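Numbers restart at 1 for each chain; the letters A, B, ... are given by sequence-line order, proteins then strands. These figures come from a predicted structure and were not determined experimentally.
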Amino acid sequence: MPELPEVENYRRRFESCALRRRIAGVEVTDARILHETTERALREGLAGARFVSTRRHGKHLFAEATSGAWLYLHFGMTGDLYCGADPPRFSRFVVRFVKGELLAFEDMRLFGRVGLLSDPDSFVARKRLGLDPLDESFGRTRFEERLTRRRGSIKALLMNQAVIAGLGNLWVDEILFQSGIDPRARVERLSGPSRRRIFDAMRRILRLAIARQESDRPMPPHYLIENRTAGAACPRCGAGNLRRTVIAGRTTYFCPVHQLSSRA
DNA sequence: ACATTGACCTGAGAGC
DNA sequence: TGCTCTCAGGTCAATG
């Protein structure tokens, strides 16, 4: 699940659960999730401290502690943040507070990561992450720049974290669905108006998704994400039937009628 | 330099 | 009920 909207809501949950509470200790229940750190380093960096701020870049979450260290969380394919009294079933990393509930990083499939950083900015630079699509400095012009001299399918490009940080399989499908662009369309052949439609849809959809998830409401019924079923009538144009295929190695749903390729 | 593919993990859900 | 099979929303190293 965890693409940009999900991670943004994890960030908010992190703040309401963990901010300003004194950390009693931490536990690593599966060391395979550790990113360039050890349980001991996490304990030394966090025990006795408090979290004072959070940041998100794409799908990456950072939390600053009073010790000066930053906790780093990436949620992989099945990661989640849980706030409560007892660790959930697939809990891999737990922060216990002196008062209040504990914060657990759960991740069934172990693709997620937990680390300790001195500075999120240098992490973002080292990882060569692209701009976050909700960053205020990320406008249409910057988006156009990111697309120039790129080739391949628009879907693969939007999922490339070095181009734009935060989009994954589901929300890329949604963005192209709402923009009316065939996910197989070649980037180098996309017209200016098509690129603009993609950028505008990206902003609009991500903001809506964050708000809906925060209040635990589904996306509107004419959104693809509520209708990922092969053969179903297209919930947007009504004329096509949703097709399921593989693009850029990922399962892809699209409407062959309103998502045009050639003239896109 | 850039795009594409397979491997990494584990469990849920479908089908028999 | 229980077995087997397929699939999963991310990333990285290796390949073209």
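- As a whole-Å value, the separation of Leu129(A) CG from dC12(C) C1' is 13 Å.
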query: Given the rule that a pair is Watson-Crick or G-U wobble with both distances under 3.5 Å, how would you write DNA chain B in dot-bracket, using | for pairs to a different strand?
result: .|||||||.|||||||
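- Rounded to a whole Å, the CZ atom of Arg146(A) is 10 Å from the P atom of dC2(B).
- Within the structure, a side-chain polar atom (N or O) of His74(A) is placed less than 4.0 Å from OP1 or OP2 of dT11(C).
- Checked against the 2.5 Å cut-off, the SG-SG distance between Cys234(A) and Cys255(A) does not fall under it.
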- request: Quick one, give me the B/S/- string for nucleotides 8-15 of chain B, reading 5' to 3', where B means a protein heavy atom under 4.0 Å from the base and S means that only happens at the primed atoms, P, OP1 or OP2.
  value: BBBSS---
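- Remark: the backbone N or O of Arg149(A) is not paired with any side-chain donor or acceptor of Glu188(A) at under 3.5 angstrom.
- With contacts defined as side-chain heavy-atom distances shorter than 4.5 Å, the pair Arg184(A)/Thr245(A) does not qualify.
- In this structure, Arg128(A) places its CZ atom where only 12 or fewer heavy-atom neighbours from other residues, nucleotides or ligands lie under 6.0 Å away.
- Lys155(A) has its NZ atom 13 Å from the P atom of dT4(B), to the nearest Å.
- Note: the hydrophobic cluster containing Leu42(A) does not contain Tyr72(A) (ILVMFWY, side chain heavy atoms under 4.5 Å, direct or indirect links).
- Residue-level contact check: Arg244(A) touches the backbone only, with heavy atoms under 4.0 Å from sugar-phosphate atoms and none from bases.
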query: Yes or no on salt bridge (charged side-chain N to carboxylate O under 4.0 Å, His left out) for Glu144(A) and Arg140(A), after CA distance, side-chain angles and deciding distance?
result: CA-CA 6 Å; Glu144(A) 291 282 333; Arg140(A) 282 176 179 167; over 6 Å; no
field: Residue pair Arg13(A), Asp80(A): steps toward the salt bridge (charged side-chain N to carboxylate O under 4.0 Å, His left out) verdict
entry: CA-CA 10 Å; Arg13(A) 189 181 306 161; Asp80(A) 202 348; 3.2 Å; yes
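- Residue Gly168(A) is classed as a sugar-phosphate contact, given heavy-atom separations below 4.0 Å to backbone atoms only.
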Residues Phe111(A), His74(A); criterion ring pair (Phe, Tyr, Trp, His ring centres under 6.0 Å); working and verdict: CA-CA 9 Å; Phe111(A) 288 160; His74(A) 187 276; over 10 Å; no
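- In this entry the distance linking CE of Met159(A) with P of dC12(C) reads 14 Å, nearest Å.
- dC12(C) and dG11(B) have their C1' atoms separated by 23 Å, with the value rounded to a whole Å.
- With P as the reference atom, dC7(C) and dG6(B) are 14 Å apart, rounded to whole Å.
- Here dT4(B) presents its C1' atom at 14 Å from CD1 of Ile247(A), a figure rounded to the nearest Å.
- With rounding to whole Å, Leu170(A) atom CG is found 6 Å from dG9(C) atom P.
- In this structure, the side chains of Phe75(A) and Glu6(A) stay at 4.5 Å or more apart for every pair of heavy atoms.
- Straight-line distance from the CD atom of Glu106(A) to the P atom of dG9(C): 19 Å, rounded to whole Å.
- Comparing Arg250(A) and Gly152(A), the nucleotide of DNA chain B nearest to each residue sits closer to the 5' end for Gly152(A).
- Between Thr251(A) and Asp173(A) the shortest side-chain heavy-atom distance does not fall below 4.5 Å.
- Put simply, Lys127(A) has a side-chain N or O that comes within less than 4.0 Å of OP1 or OP2 on dC12(C).
- When the side-chain nitrogen and oxygen atoms of Gln161(A) are compared with OP1 and OP2 of dT11(C), one or more of them lie within a distance under 4.0 Å.
- Taking the side chain of Lys59(A) as heavy atoms from C-beta on, and the options dG10(C), dC2(B), dT4(B), the nearest nucleotide is dG10(C).
- Across the protein-nucleic acid pair, Phe105(A) atom CZ and dG10(C) atom C1' stand 12 Å apart, rounded to whole Å.
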